[in-house]
Amino acid sequence: MTKIEVDLPDRIDSEISRLAEQGEFLNRNEAIEDFLTRGLQAYDVEENANEGEADGDLFTDAIDEQQDPAALDEDSTDEPTF
């Protein structure tokens, strides 16, 4: 198992300790491993797509819906020209 050293803000360190003391995790190491695992899974696009949470990438969908004002024809009804 790889060991790493991470500097955390005091509030996060305190929250991890509190959760371990309340029995949410066996110890601090388990809590930190769980948080890192969940954080990495949030970036796993393929896994999230299989869960059916979203139909597509929200950023890409928003960009696809935008129109370039410079591509609009002045004589038309706001339809882009290419």
Side-chain angles (χ1 to χ4, degrees):
M1 185 177 288
T2 303
K3 290 187 178 191
I4 61 171
E5 183 177 325
V6 179
D7 294 326
L8 298 173
D10 290 338
R11 66 176 180 77
I12 293 176
D13 182 55
S14 297
E15 189 67 16
I16 291 170
S17 295
R18 183 185 67 78
L19 290 169
E21 289 169 5
Q22 289 179 345
E24 296 293 328
F25 299 95
L26 293 176
N27 54 44
R28 288 175 49 82
N29 286 343
E30 181 186 277
I32 293 168
E33 182 179 347
D34 185 64
F35 295 141
L36 289 172
T37 300
R38 290 176 190 232
L40 290 171
Q41 288 173 346
Y43 286 97
D44 188 356
V45 176
E46 184 176 325
E47 182 176 312
N48 287 342
N50 291 336
E51 292 175 5
E53 291 178 5
D55 293 330
D57 179 22
L58 294 177
F59 177 77
T60 304
D61 292 345
I63 295 300
D64 289 343
E65 293 174 5
Q66 293 180 356
Q67 295 181 357
D68 181 4
L72 296 177
D73 186 1
E74 292 179 11
D75 297 332
S76 71
T77 58
D78 293 339
E79 292 295 321
T81 58
F82 298 98

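The minimum heavy-atom distance between A20 and R28, with the atom names listed, is CB-N, 4.0 Å.
The line from CZ of F35 to CD1 of I12 is 10.0 Å long, rounded to the nearest 0.5 Å. With values rounded to the nearest 0.5 angstrom, L8 atom CG is found 6.5 Å from I32 atom CD1.
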Problem set entry | side chain to side chain contact (heavy atoms under 4.5 Å, CB included) between N27 and E30, intermediate numbers included | CA-CA 5 Å; N27 54 44; E30 181 186 277; 3.5 Å; yes
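In this structure, L19 is not a member of the same hydrophobic cluster as L26, with clusters built from ILVMFWY side-chain heavy atoms closer than 4.5 Å. Neither L40 nor F25 shares a network with the other; the hydrophobic side chains, linked directly or stepwise wherever heavy atoms of I, L, V, M, F, W or Y lie under 4.5 Å apart, form separate groups for each.
Salt bridge annotation for E15-R18: present, with a cationic side-chain nitrogen under 4.0 angstrom from a carboxylate oxygen.
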